[in-house]
Amino acid sequence: MSVESIVNFIRIDERIGTSGQPTREQLEAARDAGYQAVINLAPDNADNHALPGEAAWVAALGMSYRHIPVEWSRPEAAQFHAFEAAMLDTRHQKVLIHCAANFRVTAFFALYATRHVGWSADQADALIDRIWLSRPDYTMDATWKAFIDDIRGTPV
């Protein structure tokens, strides 16, 4: 088992990985790969295939855990700002950021990277498109487009 086996896993760089929902075994693999923190953007419900007891499991593995539940139909600026704070708090750690399928995470991380890492809008859009365009039957809805536009228009 490897961290790369997590659904929709993307290694952003040597410090950041993004993905969909990991299993317990995949969280162990993340720890074994040197990840020290987990940030989870998925709500705790069966619809998102949430891992019951994930916070306790991550803590038992010796990693820190942040949970910022983002309801699919209502992403909010306050949640993004909580994500920014979590990323800044873990800036010296290797971090796995996940949600149910890496849709929420790629949007949030791309926005964070343009505000704090120096990414261009094109780089951010390429990350978002890598997951959001991966399903031929899916398109980004108006809610997520408006959320991304709103955050992009807000000063750091």
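Along the sequence shown, residues carry numbers from 1. These numbers were taken from a predicted model, which means no experiment stands behind them.
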Answer yes or no: is there a donor N or O on one side and an acceptor on the other, between the side chain of [X] and the main chain of [Y], under 3.5 Å?
X      : Y      : result
Trp144 : Phe103 : no
His98  : Val105 : no
Lys94  : Ala33  : yes
Gln79  : Pro69  : yes
Arg104 : Val70  : yes
Asn8   : Ser19  : no
Ser5   : Met1   : no
Arg11  : Ile16  : no
Arg115 : Ile151 : yes

Which atom of [X] lies closest to which atom of [Y], heavy atoms considered:
X      : Y      : result
Ser134 : Ile131 : OG-O, 2.6 Å
Ala86  : Ile68  : CB-CD1, 4.2 Å
Ala30  : Leu96  : CB-CD2, 4.1 Å
Gln26  : Gln21  : OE1-O, 4.1 Å
Thr143 : Pro75  : CG2-CD, 3.6 Å

Spatial distance of atom [atom1] ([X]) from atom [atom2] ([Y]) [nearest 0.5 Å]:
X     : Y     : atom1 : atom2 : result
Thr18 : Ile12 : OG1   : CD1   : 4.5 Å
Thr23 : Ile6  : OG1   : CD1   : 7.5 Å
His67 : Asp44 : NE2   : CG    : 4.5 Å

Worked check of side-chain contact (heavy atoms from CB on, under 4.5 Å) between Ile10 and Asn102: CA-CA 9 Å; Ile10 298 173; Asn102 208 1; 3.9 Å; yes

Are [X] and [Y] connected in the hydrophobic side-chain network, where two residues link if heavy atoms are under 4.5 Å apart?
X     : Y      : answer
Trp72 : Ile39  : yes
Val95 : Val7   : no
Leu88 : Trp119 : yes
Phe9  : Leu51  : yes

Salt-bridge contact Glu71-Arg74 (side-chain N to carboxylate O under 4.0 Å): yes

Derivation of the side chain to side chain donor-acceptor pair (under 3.5 Å) call for Gln36 and Ser64: CA-CA 6 Å; Gln36 302 157 299; Ser64 66; over 6 Å; no

Intermediate values then yes/no, side-chain contact (heavy atoms from CB on, under 4.5 Å), Tyr35 and Leu27: CA-CA 9 Å; Tyr35 286 89; Leu27 286 168; over 6 Å; no

Intermediate values then yes/no, ring pair (Phe, Tyr, Trp, His ring centres under 6.0 Å), Phe147 and Phe108: CA-CA 10 Å; Phe147 171 75; Phe108 272 59; 5.2 Å; yes

Close side-chain approach of Arg66 and Val38, heavy atoms under 4.5 Å: no

Pairs touching residues 140-156 that satisfy salt bridge (Lys or Arg N to Asp or Glu O under 4.0 Å), sequence neighbours left out: Asp125-Arg152

Test log, rule side-chain contact (heavy atoms from CB on, under 4.5 Å), inputs Leu111 and Phe80: CA-CA 9 Å; Leu111 292 167; Phe80 175 74; 3.6 Å; yes

Chi angles and distances behind the side-chain contact (heavy atoms from CB on, under 4.5 Å) call for Met87, His116: CA-CA 10 Å; Met87 289 299 295; His116 298 280; over 6 Å; no

Crowding at CZ, Arg130 (>12 non-hydrogen neighbours, <6.0 Å): no

